[in-house]
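A short write-up of the structure that comes next.
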Amino acid sequence: MEIKSIVGARLGSLTFNKSTSTNPFERTSFKGKAFGGSVLPFADVFQKIKPVEIQKPNKIKMVSGAVIGAIVDFKTRLTQPIALFASRVRQNIALGIDRVREMKNSMIAMGKNMHGRIAQVFDWHKVEESTVSGAKILSLKHINEKAPVHDLKATWIAENEKIASKSEGKAVA
Amino acid sequence: MNNKIEKIIEALEKHEDLESINVLEELGTNSPDNEIREMTSRALVRKNIHDSLKVVIINQGKGINDLSPTVAMSTVNEILALDDKSEVIKILDDTINLNSIDEVRENAMSVKSLLTLSE
């Protein structure tokens with residue numbers, strides 16, 4: 001019992017120092033405790049760890065780096081909008097040219113439509129035309145089941161001729 | 001389709017003059033335009049008289065014998081939609097028994113069977 005309590009007290013009083021060498025058994029050794037007096041001065045063959053020296057950052061370099069970064073940033077901030085603006089202007093000009101071209105085409109189409117509408121209006125109120133055979137070419141208003149068959153036939157033939165001439169005109173164009 | 005031609009076909013369909021059938025046959029069923037041929041065939045069926053029905057049943061390349069399936073099918077549909085089918089059945093029977101063209105006969109037989117099924 002006594003031995004156990006003494007050993008326990010001894011072990012409890014042991015303090016494990018921070019590692020000061022590459023010796024992996026340094027913590028578990030009883031250096032200076034169990035073998036006090038017979039410890040060889042050069043028994044620890046492992047090298048001692050040298051504390052790593054942390055180099056202090058150079059403040060001047062840091063400041064100069066920051067200044068250079070700011071200048072680059074400023075340059076990009078200044079030049080990017082200008083480049084964007086220039087490309088936008090160029091795009092707008094291109095779009096404008098396209099729109100002018102489209103407008104020209106739409107004007108032509110509008111003119112054709114107007115011409116068609118006006119022709120239709122006049123056609124609606126047009127007085128019936130007489131053909132050589134005596135049959136009349138009827139206007140849209142006069143086409144009904146009461147109209148003579150030969151007039152309806154003449155109108156149909158005239159309409160077919162109109163369609164044929166139109167398609168011929170398209171083919172030539 | 002041309003507005004004027006559409007109105008002319010409608011007018012000829014309702015016309016009492018039998019000459020209207022000739023005009024529809026001459027200008028309508030011979031038109032290169034599918035739409036005009038279709039409308040003319042339907043107008044001739046709707047007239048529902050012997051001469052007009054004959055045009056769309058016994059002639060090769062016209063009405064039910066048209067090369068365009070759209071024209072042929074819409075003519076058949078119009079025949080099936082007729083209220084009084086007596087005249088059409090008479091012409092179909094004559095065509096099946098007497099027509100010399102096989103294709104026309106076969107088409108007439110098909111329409112006849114469709115009419116029988118639909119009744």
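Quick note on labels: first sequence line is chain A, next is B, and so on, each numbered from 1.
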Worksheet item: Can you tell me if B/K4 uses its side chain to pair, donor with acceptor, with the backbone of A/T155 under 3.5 Å?
Response: no
Got a sec: does the [atom1] of [X] have more than 12 other heavy atoms crowding it under 6.0 Å?
X     : atom1 : result
A/R99 : CZ    : no
B/E6  : CD    : yes
B/L67 : CG    : no

Discussion item. Can you list everything that forms a side chain to side chain contact (heavy atoms under 4.5 Å, CB included) with A/I157? Sequence neighbours excluded, please.
Written reply: A/K153, A/E161, B/L27
Item to complete: Please name all residues satisfying side chain to side chain contact (heavy atoms under 4.5 Å, CB included) with A/D98, sequence neighbours left out, ordered by chain then number.
Response: A/R101
Worksheet, complete the sentence: For B/N2 and A/E159, the nearest pair of non-hydrogen atoms, with its separation, is ND2-OE2, 3.1 Å
Fill in: B/D33 vs A/I163 side-chain heavy atoms within contact, under 4.5 Å
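B/D33 does not reach A/I163 side chain to side chain.
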Item to complete: Please flag which part of B/E13 lies under 4.5 Å from any non-hydrogen atom of chain A: side chain, backbone, both or neither.
Response: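 The answer is neither part of B/E13.
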Discussion item. I'd like to know whether A/V149 forms a side-chain contact (heavy atoms from CB on, under 4.5 Å) with B/L18, so could you lay out the CA-CA distance, the side-chain angles of the two residues, the decisive distance to 0.1 Å, and finally the verdict.
Written reply: CA-CA 9 Å; A/V149 173; B/L18 289 176; over 6 Å; no
Worksheet item: If you measure from CG on A/L152 to CD1 on B/I9, what distance do you get to the nearest 0.5 Å?
Response: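 If we round to the nearest 0.5 Å, A/L152:CG and B/I9:CD1 are 11.0 Å apart.
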Worksheet item: Quick one: CG on A/N144 to NZ on B/K7, what's the gap to the nearest 0.5 Å?
Response: 7.0 Å
Discussion item. Hydrophobic cluster membership, with links at side-chain heavy-atom distances under 4.5 Å among I/L/V/M/F/W/Y: are B/V71 and B/I58 in one?
Written reply: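 No: no chain of side-chain contacts under 4.5 Å links B/V71 to B/I58.
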